[in-house]
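Chain naming here is simple, since letters A, B, ... match the order of the sequence lines and numbering starts at 1 in each.
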There are 2 protein chains.
Amino acid sequence: MSSSTATATPRPIDSLPAGLPIARQTLHDQVVTRLRDMVTEGRLAPGQRVNEVALCTGLGVSRTPLREALKTLAGEGLLELVPARGAIVRSFTDKDVADCMMVLKALEQLAGRLLCQVASDAAITGILALHAEMQARYVVRDRLPYFKLNQAIHSSIVAAADNAPLARAHEALQAQMKRIRFIGHEGPEKWAAAMDEHEEMAVALAQRDGEALAEVIGRHHDRGLARIRDVI
Amino acid sequence: MSSSTATATPRPIDSLPAGLPIARQTLHDQVVTRLRDMVTEGRLAPGQRVNEVALCTGLGVSRTPLREALKTLAGEGLLELVPARGAIVRSFTDKDVADCMMVLKALEQLAGRLLCQVASDAAITGILALHAEMQARYVVRDRLPYFKLNQAIHSSIVAAADNAPLARAHEALQAQMKRIRFIGHEGPEKWAAAMDEHEEMAVALAQRDGEALAEVIGRHHDRGLARIRDVI
DNA sequence: TGCGGTTATTCTGCATACAGAGCACAGAAT
DNA sequence: ATTCTGTGCTCTGTATGCAGAATAACCGCA
């Protein structure tokens, strides 16, 4: 079976067409992603207490991996753990949202500056391709794909900055805001404004102008916060 | 029994001398803090595999709360979970350290700007008091208290910014860097330089000059990274 | 003596069992 | 009628048991 799993790096048999290592997933991991989706999709309402046995049976696993997943998600800020009362889906106040957005803004600005310095041309081209695709979705007002591409662009910007801790922090905060952001993309003129900002970002990105990119990203977030503010 | 546990806010019997609510801790919480300390104190060496049963017996708990604590710490970035191989104490490359410091810098700069806008005078006075205390420790070269006060100042700056997500992210990153930072405070001239920067920070803070504070914090981190670089 | 394969042991991942803390409902007392 | 208290049920927190993977030990062989 060409034991290419490389137990402890004994001759990794380099440059064999082994491809990426098989991504083995424990139940824990799977439950984490499933629960995360359930939270962002609103199937677990904010403030709601999470009943362990009910979820267990629903997911078809025992309480052990589920509870471990709850701990992980609490670490990501999606749940709140109250002793003797279990997990509660975190609900966000206006201030929480504003605070999160402020941090997201700072992180993405940093990412923008970094990426203009270190990213490969291919990476930038890839982001610009995402942008073009998103624009295409915008002109036909295809909201869900637009939203997903939007998230993908922001994630890609951070990923291209090649800074793992930055990406981790950004990912956690973005997951927290995902649900709220999805709600707050209403109104054609707001949408147009957001699209304009993305256009500016694309220009700055193509020119590798870190400062300009950071400036636009900051503005994009400030206005983004304003956009979702009156929705809440 | 004066059932003051207030199940769903039924007349909290206001203004009774009940003091703060009893901070109940589950085993999980206690194990988390203990393990975190063990990692930052180096009692669990980076790269080392964590043997669950050994730790269990050492801590006097069963595997369940321990495993849940491992998940939490992995979420904080202190451990790495490898399927079927358990938890490994994360080891940081030079780049990891630089990346972390970069993010810490951005977060603290944001905190500095915010705090100058929103913090109470009392909060600022408190930070300045910490600074004075640290300076006193510096003149007598009392390293451990100096180090702890240093951490406390940086944490207090973030705390005074009154932004929970910011504080969370900062705390996690600071925990990751804690061990490395403790090592890298050698050399009298480096120490003096760090102290000078803190002095500048105190001045900017006293004047509530957010931009100046952010600038000094940035410089402090850049030089801090340089200070620990040649130690590693 | 060094290497490959096979077997034993250890350890993780998951499931289940049990005890105590919450919570709800009902009955008693004012 | 309303409030308080007691009792029973539900649910969480913790411990333990079991199966399979991973690692280590061992042995045969070149």
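Summarising the geometry, the separation between CD1 on I88(B) and C1' on dC11(C) is reported as 13 Å, rounded to the nearest angstrom. The CG atom of L27(A) sits 11 Å away from the C1' atom of dA15(C) (whole-angstrom rounding). The interatomic distance linking Q25(B) (CD) with dA21(C) (C1') rounds to 17 Å, in whole Å. One can place CG of L59(B) at 11 Å from P of dA15(D), the figure rounded to the nearest angstrom. In this entry the distance linking CG of L70(A) with P of dC14(C) reads 14 Å, nearest Å. Atom CG of L66(A) and atom P of dT14(D) are 16 Å apart (whole Å). Distance CG (D29(A)) to P (dT12(C)): 16 Å, rounded to an integer number of Å.
One N or O on the side chain of H221(B) and one on the backbone of I217(B) form a donor-acceptor pair closer than 3.5 Å. Between the R90(B) side chain and the G77(B) main chain, a donor and an acceptor come within less than 3.5 Å of each other. With hydrogens and angles disregarded, a donor-acceptor distance shorter than 3.5 Å links the side chain of R168(A) to the backbone of G75(B).
Note on the helix from dT1(C)-dA30(D) to dT30(C)-dA1(D): angle between the axes of the first and last five pairs equals 20°, rounded to 10 degrees.
When the side-chain contact (heavy atoms from CB on, under 4.5 Å) test is applied to P145(A), the partners found at least two apart in sequence or on another chain are R137(A), D142(A). In this structure T26(A) satisfies the side chain to side chain donor-acceptor pair (under 3.5 Å) test together with D29(A), sequence neighbours excluded.
Using a 4.0 Å heavy-atom distance criterion, T64(B) is classed as a base contact.
Scanning all heavy atoms of the two residues, the minimum distance from A175(A) to L78(A) falls at O-CD2, 4.0 Å.
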Show me the donor-acceptor pairs within less than 3.5 Å that the side chains of residues 115-122 of chain B make with the rest of the protein, sequence neighbours left out.
residue : atom : partner : partner atom : Å
S120(B) : OG   : A123(B) : N            : 3.1
D121(B) : OD1  : R208(B) : NH2          : 2.9

Legend entry - Contact state string [nucleotides 7-12 of chain D, B base, S sugar-phosphate only, - no protein heavy atom under 4.0 Å]: ----SB
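Shown are Q174(B), E171(B), H170(B); of these, the side chain to side chain donor-acceptor pair (under 3.5 Å) with S155(B) is made only by Q174(B).
Residue pairs that meet the salt bridge (Lys or Arg N to Asp or Glu O under 4.0 Å) test with at least one member in residues 96-113 of chain B, sequence neighbours left out, are K95(B)-D99(B), K105(B)-D222(B), R113(B)-E211(B).
When distances are taken from the side chain of R24(B) to each of dT16(C), dA15(D), dG22(C), the shortest belongs to dG22(C).
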